[in-house]
Amino acid sequence: MELYQKPAYELSDMLKKKECSALELTESVFKRIDTVEDKVDAYLTVCKEQALQKAKAVDEAIASGKTLHQLAGIPIGIKDNISTKGIRTTCASKMLENYVPPFDAAVMNKINSADMIITGKLNMDEFAMGSSTENSHYKTTKNPHDLSRVPGGSSGGSAAAVAACEAIIALGSDTGGSIRQPAAYCGVVGLKPTYGSVSRYGLVAFASSLDQIGPIGRNVKDVAMLQSLICGHDKMDATSKNIQYPNYSDNLKSNLLGLKIGIPKEYFGDGIEPAVKQAVMNAVKEMESNGAIVKEITLPSTDFALNSYYILSSAEASSNLARFDGVKYGYRTAEYDSLTDMYEKTRSEGFGDEVKRRIMLGTFVLSSGYYDAYYKKAKLLQRKISQEFSTAFADVDVIATPTVPSPAFKIGENIGDPLKMYATDICTVTINIAGLPAISIPCGMDNNMPVGMQLIGNKFDEQTLLNAAFGYEQLIGGFNQMPKII
């Protein structure tokens, strides 16, 4: 097995025991990138030279006997909406085509302090708005399991890079399912942490009350290791929760005995393909046969969640993206007659169709006469959804659902139908609305494409969530859906 195929936790031990070097590992990953990147198109910026320099520095530190973080020397890909000092950060938009941040995001400070090796910046839907990575201004990332299909979005580049072994592990961001949905499509593990557990400082905002940075890996332990690193209070983020966070990877347990799993009937309705329902229920039955307790629950407001999500997220996007006006930084139109003309042309030329669609929707629902009818009702529904989850977690430890209604669809299949595209988020948006943690793990295949199971946890109880996912992973002998990229 090549080094780029090995999990982060195994590579960490190998580096510590000097069974391989950080330079050898990094070179192995870049060899893989050179081999498959022209087919997968996961990266927008590749940082080979500085990654190799960092790897040499890690090897020198190991040789000198210095005690390093367990993720030191592990190559990681970064979604391109996370600020990286000195490395181009575009949000996959023409608007930020040449933007090089002068500062690092809070999570990048932690990545750098742990001596992880940044392989590059990964493709995404523009400003994280989309479910397929077809909305990138630069390229469309392909699903490594079938290059004619989408990898999901908006963290499609992150999930595809991990699935294709172009990165050992990656960071994504999740506003309505943007980590979990591509993880499901690409057959990898993706964790959306509790809102407030990971600093959003330096994450280019889409919807500030919903956005959350999280890890993507090929197994639960790798994801737990990265989550342990990036979580924690940050004074630069007013929504960051100041509590004690455990080391999730050190506390992983695979015992499912007594774990209470809730099955909400609303997530297994007519919109979910039969093969997906069957795969998820088979996984739940496997967990039940090994000691878990399964009970049916109800989350009655689920049917209205998608409407609420797109009202709330678009309203916040309208506000957040107002800063991109061609004045301070980013793209500015070449020809204009007045300041107003410059604003209009800059935003018309700099933003893609999906971003403009959501800005217009958000401006509409916030406008006079419509605020009470749409935005205020969506906020009330947000509270109701949160209360329903709180009631459910009084009786269960985790909730199991499909991650997405179907396996990955064909590139171009849904791009002309926004409502059909939005419907792919039906199982994931409620978690962001309620601020809960959730993880997507592979649970089967349908026509040679991965199917994902979503496990939802109570606020700040990522440990129980990761333990449940780890327990299932151990039951089935690991997630070994290595794609054959042709």
Side-chain angles (χ1 to χ4, degrees), residues 125 129-135 140-160 162-163 172 174-190 192 216 263-285 299 302-303 305-307 309-310 354 399-432 438-456 472 479 481 483:
D125 286 299
M129 299 181 194
S131 304
S132 64
T133 316
E134 293 173 282
N135 293 322
T140 296
T141 300
K142 287 83 176 177
N143 192 310
H145 290 271
D146 181 345
L147 298 177
S148 70
R149 296 179 183 270
V150 302
S154 64
S155 305
S158 298
V162 171
D174 193 311
T175 307
S178 291
I179 287 174
R180 292 158 287 151
Q181 188 242 37
Y185 281 170
C186 292
V188 294
V189 180
K192 182 266 170 194
I216 297 176
I263 305 297
K265 58 183 180 180
E266 293 84 1
Y267 286 75
F268 292 85
D270 294 338
I272 311 298
E273 289 193 2
V276 173
K277 290 182 193 177
Q278 192 61 52
V280 173
M281 290 311 300
N282 287 345
V284 172
K285 288 175 183 175
L299 297 165
T302 299
D303 290 344
L306 205 60
N307 297 335
Y309 168 78
Y310 277 99
E354 183 59 31
I399 296 169
T401 75
T403 307
V404 279
S406 68
F409 49 87
K410 294 278 188 179
I411 292 171
E413 184 178 337
N414 293 339
I415 194 67
D417 188 345
L419 294 181
K420 193 173 181 181
M421 189 75 82
Y422 297 166
T424 63
D425 298 334
I426 187 64
C427 298
T428 54
V429 295
T430 50
I431 287 78
N432 299 76
I439 191 169
S440 178
I441 53 176
C443 68
M445 301 288 283
D446 179 28
N447 291 323
N448 298 316
M449 294 303 296
V451 174
M453 174 172 64
Q454 176 177 238
L455 296 176
I456 307 164
Y472 174 69
F479 307 133
Q481 301 165 347

Under the side-chain contact (heavy atoms from CB on, under 4.5 Å) criterion, do M421 and F409 qualify, and how do the steps go?
CA-CA 10 Å; M421 189 75 82; F409 49 87; 3.6 Å; yes
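Using modelled atom types, one finds no donor on one side chain facing an acceptor on the other under 3.5 Å when comparing S131 with D125. A donor atom on one side chain and an acceptor atom on the other are found under 3.5 Å apart for D174 and N432. A donor and an acceptor atom, one from each side chain of T430 and Y309, are nowhere located under 3.5 Å apart.
Atoms CG and CZ, on D425 and R180 in that order, are 9.0 Å from each other to the nearest 0.5 Å. Interatomic distance, CD of Q454 versus OG1 of T428, reported as 6.5 Å (0.5 Å rounding). In this structure, OG1 in T403 is found 9.0 Å from CD1 in I456, a value given to the nearest 0.5 Å. A distance of 10.5 Å separates SG in C443 from CD in Q278, rounded to the nearest 0.5 Å. Here I179 contributes atom CD1 and I439 contributes atom CD1; the two are 10.5 Å apart, rounded to the nearest 0.5 Å. Rounding to the nearest 0.5 Å places NZ of K192 at 14.0 Å from CD1 of I216.
The shortest heavy-atom contact between V404 and Y185 is CG2-CE2, 3.5 Å. Residues V284 and A400 come closest through the heavy atom pair CG2-CB, 3.9 Å. Closest heavy-atom contact between V276 and S406: CG2-CA, 3.8 Å. The two residues K277 and I272 make their nearest non-hydrogen contact at CE-O, 3.2 Å. For Q181 against G152, the heavy-atom pair with the smallest separation is OE1-CA, 3.1 Å. Smallest separation of non-hydrogen atoms from L299 and P264: CD1-CB, 3.8 Å.
In this structure the side chain of T401 never reaches within 4.5 angstrom of the side chain of V280, judged on heavy atoms. A 4.5 Å side-chain heavy-atom check between T302 and Y267 finds at least one atom pair inside the cut-off. Taking 4.5 Å as the limit, every side-chain heavy atom of N143 sits out of range of all side-chain heavy atoms of V150. Looking at P407 and E273, their side chains come closer than 4.5 Å, going by heavy atoms from C-beta outward. Side chains of P402 and F268 form a contact here, defined as non-hydrogen atoms less than 4.5 Å apart. Between L455 and I399 the shortest side-chain heavy-atom distance does not fall below 4.5 Å. With contacts defined as side-chain heavy-atom distances shorter than 4.5 Å, the pair N135/M129 does not qualify. Counting heavy atoms from C-beta outward, H145 and N448 have side chains that stay 4.5 Å or more apart.
A donor-acceptor distance shorter than 3.5 angstrom exists from the side chain of K142 to the backbone of T140, with no hydrogens or angles considered.
Residues satisfying the side-chain contact (heavy atoms from CB on, under 4.5 Å) criterion with P151, sequence neighbours excluded, are T133, T141, A160, C186.
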Donor-acceptor pairs under 3.5 angstrom involving side-chain atoms of residues 411-420: please list them, not counting sequence neighbours.
from : atom 1 : to   : atom 2 : distance (Å)
E413 : OE1    : K410 : N      : 3.0
D417 : OD1    : L419 : N      : 3.4
D417 : OD1    : K420 : N      : 3.3

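Using cut-offs of 30° and 60° for the angle between ring planes, the Y472 and F479 rings count as tilted.
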